[in-house]
Amino acid sequence: MSGQDTGGPLLSGRGMIGGYGGADILHGVNIEAHAGEIVVIVGPNGAGKSTAMKALFGMMPLREGRVTLRGADITALSPQDRVKAGMGFVPQTGNVFASMSVEENLEMGGFLREDDVSETMEMVFSLFPILKEKRRQPAGELSGGQRQQVAVGRALMTRPEALMLDEPTAGVSPIVMDELFDKILDIAATGPAILMVEQNARQALNIADRGYVLAQGENRYEGTGADLMADPEVRRSFLGG
Amino acid sequence: MSAGTRIAAAPASLWRGPLLYAGMAALLIGVGVLQGWNVALSILCFGLISAIMALGVNIAWGYAGIFNVGVMGFAALGGLAAVLVAQPPVAEAWAAGGAGLGLSLLAVAVTVAIIVLVRARMARGAARGWVTAALIGAGYAAARAAFDPAVDAIEAVNPASQGYLGGLAAPIVLAWPAGGLLAALAAWGIGKTALGLRSDYLAIATLGISEIVIAVLKNEDWLSRGVKNVTGLPRPVPYEIDLQASADFVARAAALGLDPGEASGIAVKGLYALMFAVVLGVLIWLAERALNSPWGRMMRAIRDNETAAAAMGKNITRRHLETFVLGSALVGIAGAMMVTFDGQFTPASYNPLRFTFLIWVMVIVGGSGSNWGSVLGGFLIWFAWVEAEPLGLWLAGGVVALLPEGSAAADHVQAGAPHMRMIFMGVILLTAMRFAPRGLIPERTGR
Amino acid sequence: MTDILNALVLFMNFVGVPALAYGSQLALGALGVTLIFGVLRFAFFAHGDLMAFGTMVTILATWGLQAMGVSLGVLPTALLALPFGAAAAVLAALSADKAVFAFYRKQRAKPVVFFIASVGVMFVLNGLVRIIIGPDDQRFADGGRFLFKVGEFRDWSGLSEGLAIRTTQALTVVAALIVMVALFRFLERTKMGKAMRAYSDNEDLALLSGVDPARVVRWTWVIAAVLATLAGVLYGLDKSFKPFTYFQLLLPIFAAAILGGIGSPKGAVVGAYIVAFSEVMVTYAYRKFAMYLGPQDWAPEGLLQLLSTEYKFSVSFLILVAVLVTRPTGLFKGKVF
Amino acid sequence: MIRVEHLTKTFGGVTAVDDVSLHLREGAITGLIGPNGAGKTTLFNTIAGAFAPDAGRVTLAGEDITGLPPHVLFSRGVLRTFQIAHEFSSLTVRENLMAVPPDQSGERIWNAWIRPARIREEEAANRARAEEVIDFLQIGHVADELAGNLSGGQKKLLELGRTMMTEARMVFLDEVGAGVNRTLLNTIGDAILRLNRERGYTFCMIEHDMDFIGRLCDPVIVMAEGRVLVEGSAETVKNDERVIEAYLGRGLKSRPGRERRA
Amino acid sequence: DEIKIGVLLGYTGPIESLTPGMADSAELAMSEVNAAGGVLGGATLTGVRADSTCVDAAAATAAAERLVTSEGVAAIMGADCSGVTIATLNNVAVPNGLVMISPSATSPALTDIEDQGLFFRTAPSDARQGEVLASILADRGVTEIAVTYTNNDYGKGLSDSFQAAFEAKGGAVLISAAHEDGKADYSAEVAALSASGAEWLAVLGYADQGGVGVIRAAVDTGGFEKFALGDGMFAESLIDAIGSDLNGTVGSVPWSEGEGADAFVKLAEDSGVDPDGSFRRESYDAAALIALAIQAAGSADPAEFKAKVLDVANAPGEKILPGELGKALKILADGGDVDYVGATNVELIGPGEAAGTYREYEVKDGAYETVTFR
Ligand SMILES: Nc1ncnc2c1ncn2[C@@H]1O[C@H](COP(=O)(O)OP(=O)(O)OP(=O)(O)O)[C@@H](O)[C@H]1O
Ligand SMILES: Nc1ncnc2c1ncn2[C@@H]1O[C@H](COP(=O)(O)OP(=O)(O)OP(=O)(O)O)[C@@H](O)[C@H]1O
Ligand SMILES: [Mg+2]
Ligand SMILES: [Mg+2]
């Protein structure tokens with residue numbers, strides 16, 4: 001973690017404007033996350049949450065705005081270079097290599113690592129025991145929730161400094177969700193910034209340091225997890241009461 | 001947030017299609033002026049035929065995502081129909097082998113009947129399988145026993161010019177629907193067995209089946225004279241020399257300032273073009289109507305996601321079969337038209353590059369899923385296929401002119417000149433695709 | 001006993017050895033096709049012409065070497081020239097990628113668009129090869145043609161039937177097996193191989209794992225082009241080099257790759273052998289064979305030929321269709337790696 | 001309505017559904033929960049005709065429907081949604097919905113040529129119905145968007161929307177809630193209840209959100225390792241020790257409210 | 001002044017390796033004419049090549065159409081394969097009244113086609129050659145044979161006539177198997193052929209197509225040691241390809257007794273054209289006939305010179321060998337009569353087909369040696 005400037009956010013996207021070639025989806029979104037922080041993004045479907053995540057990761061060109069990592073401008077960097085720079089991302093859909101075995105999926109997570117990955121893999125297996133059992137099975141043959149676990153496991157394998165998760169708990173059972181959140185707390189405690197989109201919003205805001213509410217491609221609310229949970233308007237419109 | 005229409009959903013400029021068609025027409029006119037109207041009309045005629053084939057492929061691929069790489073086989077079956085419909089019957093051959101053939105057909109029918117009966121009576125299991133296999137074997141032997149001598153007898157009848165059963169001596173225009181029907185029948189049989197396959201696997205299966213069709217046509221002389229070819233098929237239009245012999249025609253040609261030879265060619269090809277255009281017009285109207293109806297929507301849904309379509313009550317197998325048969329029928333019609341225009345049926349001339357892949361090129365360059373696109377692709381690629389040759393020669397000539405005369409390099413380029421055709425064809429194809437990766441007239445999505 | 005041996009040798013000489021060699025030739029081609037199919041996900045239709053291109057350069061280099069008096073003894077000189085051909089083929093493949101396919105990758109075009117574009121590339125390569133070396137037959141084999149000949153075998157064994165094995169046949173079979181194993185290992189064990197599979201499975205996610213797509217694509221073309229050249233040269237040494245034949249090889253090669261299951265190296269090889277063996281075995285006249293095995297002085301009436309050779313191509317396709325209908329994703333469950 | 005008897009489905013070595021028998025009562029909203037990989041989706045798939053079962057039998061109102069293909073089941077009023085959204089990606093959202101109604105005469109090709117008037121009429125009716133569904137799911141602003149371009153949650157909504165385009169008897173919902181905004185999910189819950197009460201749809205739904213299950217479902221069936229673990233009301237199930245052990249868990253180990261702040 | 005002659009051959013496609021040599025030979029005749037001062041008192045002949053593709057009738061028609069309209073050719077030397085030849089004849093030559101002389105289309109169907117007297121061919125009909133080859137073998141006491149033919153109208157026709165003639169002489173054809181040209185592998189054919197137990201193999205194909213593939217496979221597996229070859233197989237390249245294993249092979253090839261063929265070889269070699277290969281001599285002859293007929297008619301109008309083709313090809317008249325075109329042109333200009341012998345001993349019979357004599361050859365020590373003429 002050399003060269004980290006202490007004051008500013010680890011990862012930040014400011015004034016992000018852009019879309020998929022047609023009308024803009026993001027109309028000036030600001031998101032930032034500091035080292036060791038868990039940041040949760042919530043919002044209605046189609047609000048642009050996933051788009052914002054993709055923009056942060058360079059999977060989608062921005063018309064305006066800039067993305068910085070540790071203060072350095074990375075707006076022009078390709079996704080795989082962002083991985084090298086220490087970012088990790090679990091997309092919302094298409095997040096496993098369906099034809100590769102569970103173990104290979106995890107190995108792909110450690111693709112850029114030169115050191116021994118087996119320890120991290122053991123860590124992932126202990127977090128998601130079912131994966132160890134199924135490690136030779138192609139990920140495409142797993143149940144929906146198991147796939148989700150593979151996806152998160154793959155990202156953990158990178159040991160990123162900025163970990164971005166797009167709805168990591170969609171389709172996973174309550175017990176696994178709890179364990180996952182526990183793990184996320186553990187990981188955050190070791191330093192990385194964690195940015196998460198969640199529809200299981202109350203549980204997520206519960207563990208979050210800060211939260212954003214996005215709606216129609218704009219920042220709507222922002223605050224600590226507890227503040228957002230306490231705001232009746234936010235609760236009613238975005239968290240399901 | 002504004003309504004989110006994206007490029008993909010936005011229809012391409014309304015003018016694009018008409019402009020491209022106008023450009024195509026201009027190309028043909030250019031050929032007419034520079035190389036003669038006979039050349040232009042002959043390109044037009046084959047363009048029309050190619051367009052129908054491309055339309056057929058587009059129906060199966062663009063509508064339903066069926067990767068049919070057996071176009072050649074269906075085109076050849078259409079051609080066979082022309083022989084079977086239009087050629088005079090060979091009475092001697094029927095006398096020599098007709099009975100035998102009938103007998104073998106009967107043997108097949110009886111075998112099938114027995115097998116059906118037996119299978120209905122017996123319980124599922126290994127025994128039933130063996131009995132069926134034995135029955136098939138016995139049936140095959142019986143059929144062959146009647147078939148082989150009959151075929152020998154037929155093929156012995158005046159082998160140099162006949163040696164086959166001949167046809168019905170009906171007007172050859174009837175061969176067009178007949179060709180469609182024959183191709184449709186074959187497609188039905190093939191579809192029943194192979195349509196369950198996933199795209200690439202289906203592709204190789206259809207490719208294989210088309211090779212088998214050609215092998216049969218090449219080797220079963222009693223049916224279509226095999227590699228000995230059937231030539232001199234009757235025509236639906238007058239012969240040029242008859243026109244040239246008609247004083248009336250010559251006079252009229254002279255009035256137009258044309259020489260009778262050229263005028264007769266133009267008249268004949270013009271008539272053909274007219275007939276082909278009518279067929280294409282009807283077919284494209286039917287195809288457009290279908291595509292823009294709920295049927296078309298359903299087909300696109302199936303193409304997008306078969307699992308979901310099945311869960312939404314669509315009978316995937318039936319629909320696939322339906323489109324496959326329809327598309328193949330179109331290819332069959334075009335195949336019959338082409339043999340009519342050529343005036344001969346030559347099984348050995350069916351090769352996959354020309355009759356399958358070139359048609360696919362037409363569809364993709366034109367725009368898969370788009371009827372007007374495929375038709376345009378048919379014209380354009382055919383045009384390129386024919387004109388690539390003179391263009392290539394011209395280009396080689398240019399290169400040679402730059403090299404020292406009589407040098408080895410110049411000789412080498414000169415010798416290679418005919419092969420410029422291929423390079424040119426490739427360049428035209430790649431250029432067209434580069435500027436319109438989704439086809440010249442792309443599929444309209446999101447109505 | 002000798003009769004049984006004779007029958008066996010007869011069968012080996014006319015069916016076993018030729019089919020094995022032809023199968024291996026197809027297999028080398030099919031491995032390249034299956035690799036491109038597996039990683040880049042489209043049917044690369046210019047493979048036959050890429051084979052011809054690589055072989056052509058090899059031939060030119062061979063002539064050069066021969067002119068310089070270089071030779072490999074019993075082994076064909078062309079093996080020395082092969083690196084030149086392979087390098088040229090790699091260059092051709094990479095330029096085709098840069099000029100054509102990269103664009104469609106960026107567009108995220110459908111596989112069929114790639115496929116048709118590869119037909120365009122095929123036309124261009126096709127023309128180039130013919131312009132450079134001409135459409136004629138070229139023979140460039142030297143060295144010892146046979147490991148042993150029919151007569152030699154007969155004298156050695158004392159049997160009435162003989163067996164011949166050509167150097168190139170042996171070379172091809174060995175090469176096919178080595179390449180198959182190497183490719184399999186490469187894809188399963190090495191980092192690059194895994195990156196290729198990951199890329200083919202889910203391009204976006206591969207990106208997110210730090211895979212450099214440009215490298216994956218480059219490697220794929222390099223391997224495929226080297227394989228194409230190897231296949232083309234070994235085939236040319238065994239038979240002869242003729243551009244048109246190389247184009248015609250395409251169909252059985254694709255048949256083999258798909259029969260085995262697209263994307264599976266093992267499948268490509270097994271598929272190739274099935275195509276080759278079915279062509280020879282179904283059209284073989286078993287008369288002599290049966291005479292050796294049957295009672296003394298017995299001769300069957302006919303030739304005992306299941307189908308005439310006109311249908312040999314059809315038969316292999318028929319088998320292919322039959323296999324696919326019962327195993328819809330090929331023998332080795334073409335899982336695209 | 002649906003009775004499942006001794007249903008078994010295996011994949012190679014894995015027995016995903018292991019001798020399951022259950023009854024989905026007519027008019028009920030049955031919840032199906034269980035740990036990831038318990039076999040819930042496989043059970044759905046096997047009932048809905050996507051896979052043939054290895055053993056066992058399924059009946060619909062007494063009629064044997066074991067192994068019938070999906071389109072036949074659809075015509076008998078059995079509908080399902082997919083856990084991983086299966087939209088028609090190159091159709092617009094509206095078209096996705098309009099493609100659903102069964103027995104459209106326009107889906108027979110010759111009608112397109114000979115009966116355009118009738119087709120127009122039917123289309124108008126289908127369009128109106130689609131419009132209602134679109135409004136209801138709050139996806140009006142993307143109605144003309146290609147479904148392939150929708151956000152993850154929007155696709156889930158579309159899945160649900162399609163089941164609302166036809167008269168169904170039995171609807172299987174596979175995690176419609178996953179990825180759907182909770183406020184919207186509440187509305188969807190209301191809609192399910194309304195469809196159930198007013199139109200008599202029978203539902204069976206897989207869901208991991210216990211609040212949602214608790215609000216809608218009775219009874220709740222818990223599956224684990226391919227078998228039925230418990231069946232009962234949501235309350236009973238929630239408090240069942242085995243269910244807590246295998247599925248619900250006991251909440252977060254570490255509690256929020258940490259000192260360190262950004 | 002320039003008279004254009006179309007050289008319509010399949011430069012791309014299955015016989016692309018045969019056609020350049022054929023075109024060269026045809027153009028050799030034209031340049032010989034030009035060197036002698038041209039026809040009609042100074043008009044030069046120019047060959048215009050166009051691609052028939054051999055198999056694609058549509059493309060061939062278009063190419064021929066272009067020759068007529070934009071090049072204004074007076075005659076076509078071609079086409080090559082029978083299918084495209086018939087198509088261009090019916091669709092282009094006859095409507096436009098153009099003379100066509102094909103060097104290689106051997107289909108019997110062309111014999112009684114309605115050609116308005118416009119079509120000729122220098123390749124002899126298959127029917128005759130079958131008989132010749134059969135008697136060559138019968139005279140050597142061969143009674144059993146296996147036959148393989150290229151699967152097109154040429155191969156099929158030749159094998160039919162050969163089989164009939166051979167059986168009429170009391171021989172037996174144990175197996176007759178077609179082979180497709182341009183395929184990758186011929187072991188299946190050879191396996192089946194050799195299993196018939198015949199000692200001799202008749203190969204009725206092309207020397208640089210499937211035919212050589214079959215022979216190579218037969219030699220490699222030791223399936224056959226004795227071959228009988230049809231005319232399409234006659235080429236030096238065959239000996240180069242097969243080597244000493246070809247010794248003992250017999251065959252027939254249309255040949256004029258001694259002089260004509262030798263003259264052609266010499267002429268071609270002097271002009272840097274390779275004289276060996278299928279249909280090269282026929283191509284030379286076809287082009288020469290066109291030139292001579294034009295000269296004889298005193299007009300380059302096909303309607304006028306079409307009637308002269310038979311006159312110049314057949315007796316009576318002064319015999320003309322390759323290399324003597326200048327002499328012939330002079331005789332014709334002076335109102336004399338010629339009997340063009342050419343490289344293949346041209347004798348047009350019936351409706352304009354070559355009757356041809358045949359050379360029986362045997363391969364000895366890696367060279368073709370004439371046994372006799374038939
Ligand atoms: N096609 C398949 N091939 C092999 N195994 C499979 C296949 N589909 C599912 N399985 C296995 O069957 C088991 C049950 O899967 P299923 O999808 O039914 O679980 P589920 O209960 O729906 O889980 P989730 O809550 O995660 O969606 C899992 O262990 C899975 O790995
Ligand atoms: N590939 C795409 N092309 C075009 N439009 C897209 C694409 N992906 C998403 N969109 C549009 O962008 C908008 C925002 O999508 P996004 O996926 O960011 O939503 P989201 O907030 O993540 O929603 P959800 O909670 O449902 O996942 C939606 O209206 C969607 O239709
Ligand atoms: Mg999202
Ligand atoms: Mg599930």
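Protein chains get the first letters and strands the later ones, always in sequence-line order, with residue 1 at the start of each.
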What is the distance from atom CG of L246(E) to atom CD1 of I239(E), rounded to the nearest 0.5 Å? 6.0 Å
Proximal component of N151(E), with respect to chain C [non-hydrogen, under 4.5 Å]: side chain
Among G213(E), A184(E), P20(E), the residue with the most heavy-atom pairs under 4.5 Å to chain C is A184(E)
Considering only heavy atoms from C-beta outward, does the side chain of V142(E) approach that of F166(E) to under 4.5 Å? yes
Side chain, backbone, both or neither: which part of V150(C) has a heavy atom under 4.5 Å from chain E? side chain
Side chains of Y11(E) and T53(E), donor plus acceptor under 3.5 Å: no
Under 3.5 Å, is there a donor-acceptor pair linking the side chains of D80(E) and S52(E)? yes
Chain C heavy atoms under 4.5 Å from L193(E): which part of the residue, side chain, backbone, both or neither? neither
Heavy-atom proximity to chain E below 4.5 Å, by part of F313(C): side chain
Please classify the contact of Y235(C) with chain E as side chain, backbone, both or neither, using a heavy-atom distance under 4.5 Å. side chain
Side chain, backbone, both or neither: which part of F247(C) has an atom under 4.5 Å from a heavy atom of chain E? neither
Partner chain C: residue of S176(E), A217(E), G223(E), S194(E) with the largest heavy-atom pair count (under 4.5 Å): S194(E)
Count the heavy-atom pairs under 4.5 Å between each of D137(C), T283(C), L163(C), N13(C) and chain E, then report the option with the highest count. N13(C)
Y368(E) and Y361(E) aromatic ring geometry - parallel, tilted or perpendicular at 30°/60° bounds: perpendicular
Which portion of D238(C) sits near chain E, non-hydrogen atoms under 4.5 angstrom: backbone
Answer with side chain, backbone, both or neither: which region of K239(C) has an atom nearer than 4.5 Å to a non-hydrogen atom of chain E? both
According to the interplanar angle, ranging from 0 to 90°, do the rings of F289(C) and Y286(C) count as parallel (below 30°), tilted (30 to 60°) or perpendicular (above 60°)? perpendicular
Salt bridge or not for D220(E) and R166(C), using N-O below 4.0 Å? yes
Looking at G21(E), A177(E), A178(E), G222(E), which makes the most heavy-atom pairs under 4.5 Å with chain C? A178(E)
Angle between ring planes, F224(E) versus F227(E), binned at 30° and 60°: parallel, tilted or perpendicular? tilted
Chain E contacts, top residue of G134(C), A276(C), P252(C), S240(C) (heavy-atom pairs, under 4.5 Å): S240(C)
Should the pair K312(C)-E180(E) be classified as a salt bridge under the 4.0 Å nitrogen-to-oxygen rule? no
Pick from M291(C), K288(C), K149(C), R130(C) with the largest number of heavy-atom pairs that fall under 4.5 Å of chain E: R130(C)
